[in-house]
A.B. asks: 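Have a look at this one.
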Amino acid sequence: MNMKKRSLLVFTLLLSLSAIAQEAAEKKVQAGIVLGSGINFQKMMTKRMETNGVGTDLTVGANVLINLSETIGFTTGLEFDFERLNYKAPSGSPVYYYFRDAEILSYKDREENGTLFEVSERNQKATYLTIPTMLSFRTNFFGYWRYFGKFGLRNSFLVSSKTTDDGYIPEIDQNMTNTDMVSKNDLFFLKSAVGVCAGAEWNFSGSTSLIAELGYYYGFTPLHTQKKTDAGDERNSLFTLDEDLKPLMFNNKANQNQIMLKVSILF
């Protein structure tokens with residue numbers, strides 16, 4: 001009798017777990033909040049600037065999961081990414097710009113009360129509005145759990161950016177930090193990356209699920225604005241000195257890769 005009771009209890013428990021999981025599996029649309037944190041790596045496309053360690057990323061937003069079938073879903077939504085990018089000037093190759101108040105000037109505007117600044121280290125804070133478009137391929141539920149892989153794109157649009165530079169002002173022979181500077185047309189307005197993710201979904205109540213995923217995103221668009229005549233273009237703000245000690249204007253060049261851990265609750 002004890003064996004029969006135990007078997008009946010296990011069978012009843014499995015049926016209840018299956019019924020709960022089925023509620024989430026059969027729901028066509030789920031929506032909720034997402035939080036994420038990650039690190040970013042800039043792949044430099046110029047020798048005139050260097051990376052200064054890894055950067056960071058904080059993600060906050062809302063996601064929508066459209067269940068195309070029990071095992072295939074489509075994820076989209078709106079996310080805000082708060083990024084930090086770290087650079088430094090190469091050893092033995094000084095990098096300069098002119099500034100006025102909190103504005104970094106283009107080289108052609110340097111005469112408008114501009115002060116010369118030599119950059120040693122640069123930290124950029126950028127805010128992006130991101131629209132993910134990811135396909136997910138999932139297992140069936142095992143009790144409360146199912147597992148998935150994702151593949152797709154993250155398209156990000158620049159909302160704002162601020163630059164903080166550590167460096168030196170030759171005119172007064174003084175070290176200085178320029179905080180929260182604005183540099184027009186530095187970061188490119190669009191950032192796209194293709195990503196792959198793996199994760200798990202815990203259906204802990206009705207159709208409500210807690211989802212955790214780890215992803216790698218490969219950026220294939222330039223992180224910074226590039227002009228057709230970038231080399232020596234006076235619309236750029238940064239410049240170095242050539243062999244004849246003449247100014248050589250340039251803009252930073254880099255692509256970005258990211259590793260991100262995201263947690264979301266969908267209802």
Side-chain angles (χ1 to χ4, degrees), residues 1-40 56-83 127-157 191-219 256-267:
M1 288 294 295
N2 287 336
M3 182 61 69
K4 289 183 178 179
K5 288 181 179 179
R6 289 174 183 172
S7 299
L8 181 60
L9 179 62
V10 171
F11 180 71
T12 303
L13 180 60
L14 289 175
L15 281 179
S16 62
L17 291 178
S18 176
I20 293 173
Q22 192 66 25
E23 186 175 344
E26 291 180 348
K27 193 168 184 181
K28 296 299 183 183
V29 178
Q30 293 175 279
I33 59 174
V34 58
L35 297 174
S37 180
I39 54 178
N40 52 57
T56 58
D57 186 289
L58 173 66
T59 299
V60 180
N63 278 178
V64 176
L65 172 61
I66 302 171
N67 292 307
L68 305 178
S69 70
E70 285 192 22
T71 56
I72 299 176
F74 176 75
T75 300
T76 187
L78 292 175
E79 301 173 359
F80 283 97
D81 287 308
F82 304 93
E83 293 192 5
T127 301
Y128 290 93
L129 177 63
T130 298
I131 302 175
T133 52
M134 308 281 290
L135 275 176
S136 60
F137 303 91
R138 307 169 300 200
T139 66
N140 291 316
F141 274 102
F142 300 97
Y144 288 102
W145 295 87
R146 65 179 170 184
Y147 307 91
F148 61 86
K150 279 185 179 181
F151 175 80
L153 295 174
R154 297 186 86 234
N155 292 311
S156 303
F157 301 90
K191 180 165 66 77
S192 293
V194 59
V196 291
C197 310
E201 176 182 348
W202 175 34
N203 177 219
F204 64 91
S205 175
S207 61
T208 304
S209 296
L210 177 65
I211 299 172
E213 63 184 69
L214 182 65
Y216 173 77
Y217 299 90
Y218 174 80
Q256 185 183 76
N257 299 329
Q258 293 178 303
I259 296 175
M260 297 186 66
L261 175 65
K262 298 171 70 175
V263 177
S264 55
I265 297 179
L266 299 182
F267 304 93

A.B. asks: What distance separates Phe80 CZ from Ser156 OG, expressed to the nearest 0.5 Å?
C.D. replies: 11.5 Å
A.B. asks: Using side-chain hydrogen bond (donor to acceptor under 3.5 Å, both in side chains) as the criterion, list what pairs up with Asn40, not counting sequence neighbours.
C.D. replies: Gln42
A.B. asks: In Å and rounded to the nearest 0.5 Å, what is the OG to CH2 distance from Ser209 to Trp202?
C.D. replies: 10.0 Å
A.B. asks: Using side chain to side chain contact (heavy atoms under 4.5 Å, CB included) as the criterion, list what pairs up with Ser136, not counting sequence neighbours.
C.D. replies: Leu65, Arg138, Lys150
A.B. asks: With sequence neighbours left out, what residues match Ala200 under side chain to side chain contact (heavy atoms under 4.5 Å, CB included)?
C.D. replies: Trp145, Tyr147
A.B. asks: Ignoring hydrogens, what is the shortest heavy-atom contact between Ala62 and Val34? Give both atom names and the distance.
C.D. replies: N-CG1, 3.9 Å
A.B. asks: Atom CD of Gln30 and atom CG of Asn203: how far apart are they, to the nearest 0.5 Å?
C.D. replies: 8.0 Å
A.B. asks: Using only heavy-atom distances, determine whether the side chains of Glu79 and Thr59 contain a donor-acceptor pair under 3.5 Å.
C.D. replies: no
A.B. asks: How long is the straight-line distance from CZ of Arg154 back to OG1 of Thr133, given to the nearest 0.5 Å?
C.D. replies: 10.0 Å
A.B. asks: Once side chain to side chain contact (heavy atoms under 4.5 Å, CB included) is applied, do any residues pair with Ile265, and if so which ones, sequence neighbours excluded?
C.D. replies: Thr208, Leu210, Phe267
A.B. asks: Does a side-chain heavy-atom distance below 4.5 Å link Tyr217 with Gln256?
C.D. replies: no
A.B. asks: When rounded to the nearest 0.5 angstrom, what distance separates CZ in Phe74 from CG in Asn67?
C.D. replies: 12.5 Å
A.B. asks: Kindly compute the distance separating CD1 (Ile66) from CG (Leu135), expressed to the nearest 0.5 Å.
C.D. replies: 10.5 Å
A.B. asks: Could you check if a side-chain atom of Met134 sits within less than 4.5 angstrom of a side-chain atom of Glu213, using non-hydrogen atoms only?
C.D. replies: no
A.B. asks: Check step by step if side-chain contact (heavy atoms from CB on, under 4.5 Å) holds for Thr56 and Leu58.
C.D. replies: CA-CA 7 Å; Thr56 58; Leu58 173 66; over 6 Å; no
A.B. asks: Have Thr130 and Asp81 got a donor and an acceptor in their side chains that come within less than 3.5 Å?
C.D. replies: yes
A.B. asks: Mind checking what makes side chain to side chain contact (heavy atoms under 4.5 Å, CB included) contact with Ile259, not counting sequence neighbours?
C.D. replies: Ile39, Phe41, Leu214, Tyr216
A.B. asks: Which residues satisfy the side-chain hydrogen bond (donor to acceptor under 3.5 Å, both in side chains) test with Asn140, sequence neighbours excluded?
C.D. replies: none
A.B. asks: Answer whether the closest heavy-atom distance between the side chains of Thr75 and Val64 falls below 4.5 Å.
C.D. replies: no
A.B. asks: Which heavy-atom pair separates Asn257 from Gly219 by the least distance, and what is that distance?
C.D. replies: OD1-N, 3.3 Å
A.B. asks: Mark yes or no for whether Thr76, through its side chain, and Pro132, through its backbone, hold a donor-acceptor pair below 3.5 Å.
C.D. replies: yes
A.B. asks: I'd like to check Phe148 versus Thr139 (side-chain heavy atoms, cut-off strictly below 4.5 Å). Are they in contact?
C.D. replies: no
A.B. asks: Under the rule for side-chain hydrogen bond (donor to acceptor under 3.5 Å, both in side chains), what residues qualify as partners of Ser37, not counting sequence neighbours?
C.D. replies: none
